[in-house]
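Please read the structure below before turning to the comments.
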Amino acid sequence: MTASAPDSAPALEVDHVSFAYAGRKALDDVSFRVRRGRFTALLGPNGAGKTTLFSLITRLFDARIGSIRICGQDLARAGASALAPLGVVFQQPTLDLDLSVRQNLRYFARLRGLSVKDADRRIDDQLARLDMAERVGEKVRSLNGGHRRRVEIARALLHDPEVVVLDEATVGLDVPTRKAIVSHVHELTRSRGLAVLWTTHLIDEIETDDDLVVLHRGRIVATGTARSVVEATGTTTLDAAFARLTPRAETVEEAR
Amino acid sequence: MTFTTYRRAFVGIVAREVLRFLMQKERFFSALVRPLVWLLIFAAGFRAVLGLPIQPPYQTYITYDIYIAPGLVAMIQLFNGMQSSLSMVYDREMGSMRVLLTSPLPRWFLLVAKLFAGTCVSILQAYAFLAVAMLFGLKLPWLGLLTVLPVMILTGLMLGALGMLLSSTVRQLENFAGVMNFVIFPTFFMSSALYPLWKMRESSYVVWQLCMVNPFTYAVEALRFGLYAKMNGFALAVVAASLAVFLAGAVWGYNPSRGFQVRKAGGGE
């Protein structure tokens with residue numbers, strides 16, 4: 001674990017971040033916090049700017065306007081080393097299909113500076129927690145989508161991170177697998193005190209006590225617990241609250 | 001980050017690349033067949049056409065297959081450099097490159113490690129080619145097989161860095177295939193890989209000048225001398241300088257402040 005900030009401090013802080021692609025604004029003055037031991041859902045329709053924000057948090061892009069701090073370390077100042085306490089699950093599959101599960105995880109473990117012996121111990125432990133222990137020697141190509149996702153989640157936890165960010169991690173999975181993965185990640189926040197940022201456009205993945213950040217057209221339109229967001233919008237369900245907070249373009253046109 | 005962290009990450013990146021290469025048997029055989037076709041068919045045909053006088057590093061008259069062997073080693077490394085870059089563009093589009101780029105190590109270190117990994121693969125391919133070529137009767141000094149190793153490391157790094165630089169400028173996989181055609185063939189043909197440059201000068205002064213500014217020419221010459229346990233200092237210096245320029249360009253190209261461009265995938269934004 002990288003202990004660089006007191007436990008009371010947010011694990012992930014995004015402050016006044018704006019970003020544009022060739023003049024087209026993708027994010028506009030975005031600020032929010034992800035607390036330790038909390039599941040924070042970043043909810044937004046397609047095109048809201050979630051993946052752009054995810055790319056800034058994982059330093060695939062540099063945030064030129066605003067700042068991002070991971071466990072107190074400013075990404076712009078500390079550079080790549082600030083990513084040490086971060087675990088990441090990308091939207092796109094990122095496993096090597098021709099390598100085995102263990103070979104894939106060992107590769108990641110080495111990138112994080114773990115010895116082979118330590119890596120193997122952690123690999124066995126993480127895979128056992130995800131009911132994947134018996135698949136360790138199989139090539140990733142032979143696994144189904146749900147199992148590949150589990151391997152990616154195991155990989156994100158291998159170096160004992162303090163913050164885990166997941167970008168639409170359940171896209172393309174069947175409902176039972178989706179539920180199992182969402183439930184497992186919720187459990188991780190409770191049992192390990194992890195800070196989780198879960199980007200999604202699927203409302204049923206969010207529990208009423210979860211922290212919620214609603215992103216729409218690059219701007220934050222609501223924050224708070226899911227329950228408080230529903231109350232603030234004067235609706236009774238998160239579906240209705242989301243519809244009210246993120247009106248579609250044609251709906252806005254009709255209202256005019 | 002400690003030295004051990006860097007060492008483990010470096011070993012991990014190289015091991016993964018070598019492992020992937022060994023798993024992809026088709027890639028291994030295609031890498032082997034290409035230069036062998038040149039050596040066993042093209043060189044056999046041209047052996048009677050081209051007369052080669054004694055020139056360094058050779059101490060006697062040589063046959064055409066002996067002349068083009070170093071050029072074919074360079075060709076293996078050129079193709080491998082481009083193929084590694086192609087896989088970088090593919091990995092970038094498909095996602096696995098992100099695992100590398102989001103590790104807590106400096107971007108320049110990750111790229112250099114990736115470059116070494118690609119070079120290791122190209123050296124494995126080159127030695128496999130030399131072994132098969134010698135089985136088919138190509139005569140090379142045994143000592144040369146050892147002394148060419150450090151040269152192959154340098155030339156492999158330079159050609160890999162060239163590919164990496166190109167891949168940093170190309171956003172999509174389909175565009176990169178075109179770039180490869182525009183780079184590989186002119187680079188290979190405008191060099192001393194297939195013919196001595198004095199012959200080229202006699203037939204076209206302009207093309208000869210282009211050959212003289214092509215870093216690949218110097219990679220071929222450095223390998224040619226290395227294979228005969230000799231050193232061509234000037235060629236090595238040009239290769240090293242080219243490596244520095246290409247690598248600096250690639251590191252700049254992959255700088256996150258320039259924006260690591262990801263293709264918009266369905267459902268993403």
Side-chain angles (χ1 to χ4, degrees), chain A residues 2 19 21 26 44-56 58-64 75-76 78-86 88 90-99 103-104 106-116 119 139 152 155 159 167-168 171-172 201 218, chain B residues 1-27 87 90-111 113-114 117 171 254-269:
Chain A
T2 307
F19 193 83
Y21 294 102
N46 289 335
K50 300 190 297 293
T51 297
T52 302
L53 185 55
F54 190 86
S55 298
L56 293 172
T58 54
R59 205 172 166 262
L60 292 176
F61 302 144
D62 268 348
R64 290 175 197 158
L75 259 187
S81 64
L83 298 171
L86 190 71
V88 185
F90 294 97
Q91 184 179 342
Q92 288 91 344
T94 53
L95 296 169
D96 235 316
L97 299 181
D98 293 319
L99 302 187
Q103 285 167 337
N104 266 284
R106 265 190 190 165
Y107 166 61
F108 175 83
R110 280 169 161 165
L111 285 177
R112 296 285 172 158
L114 300 177
S115 67
V116 174
K139 276 192 179 181
E152 290 186 307
R155 184 180 62 188
H159 60 296
D167 185 18
E168 311 246 8
V171 163
H201 63 278
Chain B
M1 292 290 155
T2 62
F3 173 75
T4 307
T5 306
Y6 281 91
R7 183 176 53 77
R8 284 177 180 159
F10 185 87
V11 170
I13 293 167
V14 173
R16 172 187 180 253
E17 207 68 33
V18 172
L19 210 53
R20 280 184 68 189
F21 173 67
L22 296 176
M23 296 281 183
Q24 297 167 344
K25 292 184 177 58
E26 300 83 3
R27 186 178 159 198
S87 79
Y90 179 83
D91 286 354
R92 211 171 58 191
E93 280 201 51
M94 296 302 138
S96 53
M97 186 74 178
R98 291 165 208 212
V99 175
L100 184 71
L101 296 181
T102 54
S103 61
L105 295 161
R107 192 71 53 102
W108 66 263
F109 170 80
L110 297 170
L111 294 176
K114 185 97 177 141
R171 300 283 175 241
Y254 275 95
N255 188 328
S257 65
R258 282 194 69 234
F260 169 75
Q261 297 294 315
V262 265
R263 197 176 178 187
K264 308 278 186 293
E269 59 269 5

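Nothing here was measured: the structure is a model prediction, and the numbers come from that model. Residue numbers start from 1 in every chain, and the chains themselves are labelled A, B, ... in the order their sequence lines are given, proteins ahead of strands.
Across every non-hydrogen atom of A:Gly113 and B:Arg8, the tightest pair is O-NH1, 2.7 Å. The minimum heavy-atom distance between B:Ser103 and A:Arg112, with the atom names listed, is CA-NH2, 4.1 Å. Residues A:Phe90 and B:Val99 share a closest heavy-atom pair of CE1-N, 4.1 Å. Here the closest heavy-atom approach between residue A:Ala84 and residue B:Pro104 is recorded as N-CB, 3.6 Å.
Scored by the ring pair (Phe, Tyr, Trp, His ring centres under 6.0 Å) test, A:Tyr107 finds no partners at all (sequence neighbours excluded). Considering only residues two or more places apart in sequence or on other chains, B:Arg20 meets the salt bridge (Lys or Arg N to Asp or Glu O under 4.0 Å) condition with A:Asp96, B:Asp91.
Residue A:Leu53: no heavy atom, backbone or side chain, is found under 4.5 Å from chain B. Heavy atoms of A:Arg155 lying under 4.5 Å from chain B belong exclusively to its side chain.
Between chain B and the residues A:Thr58, A:Val116, A:Leu56, the largest count of heavy-atom pairs under 4.5 Å involves A:Thr58. In terms of heavy-atom pairs under 4.5 Å with chain B, the best-connected choice from A:Val88, A:Asn104, A:Leu114 is A:Leu114. The candidate from B:Thr2, B:Val11, B:Leu19 with the greatest count of non-hydrogen atom pairs under 4.5 Å with chain A is B:Leu19.
Atoms CZ and CZ, from A:Arg110 and B:Arg16 in turn, are 12.5 Å apart once rounded to the nearest 0.5 Å. Annotation: the span from A:Leu111 atom CG to B:Thr102 atom OG1 amounts to 8.5 Å, rounded to 0.5 Å. The structure places CD of A:Gln91 at 8.5 Å from CZ of B:Arg98, a figure rounded to the nearest 0.5 Å.
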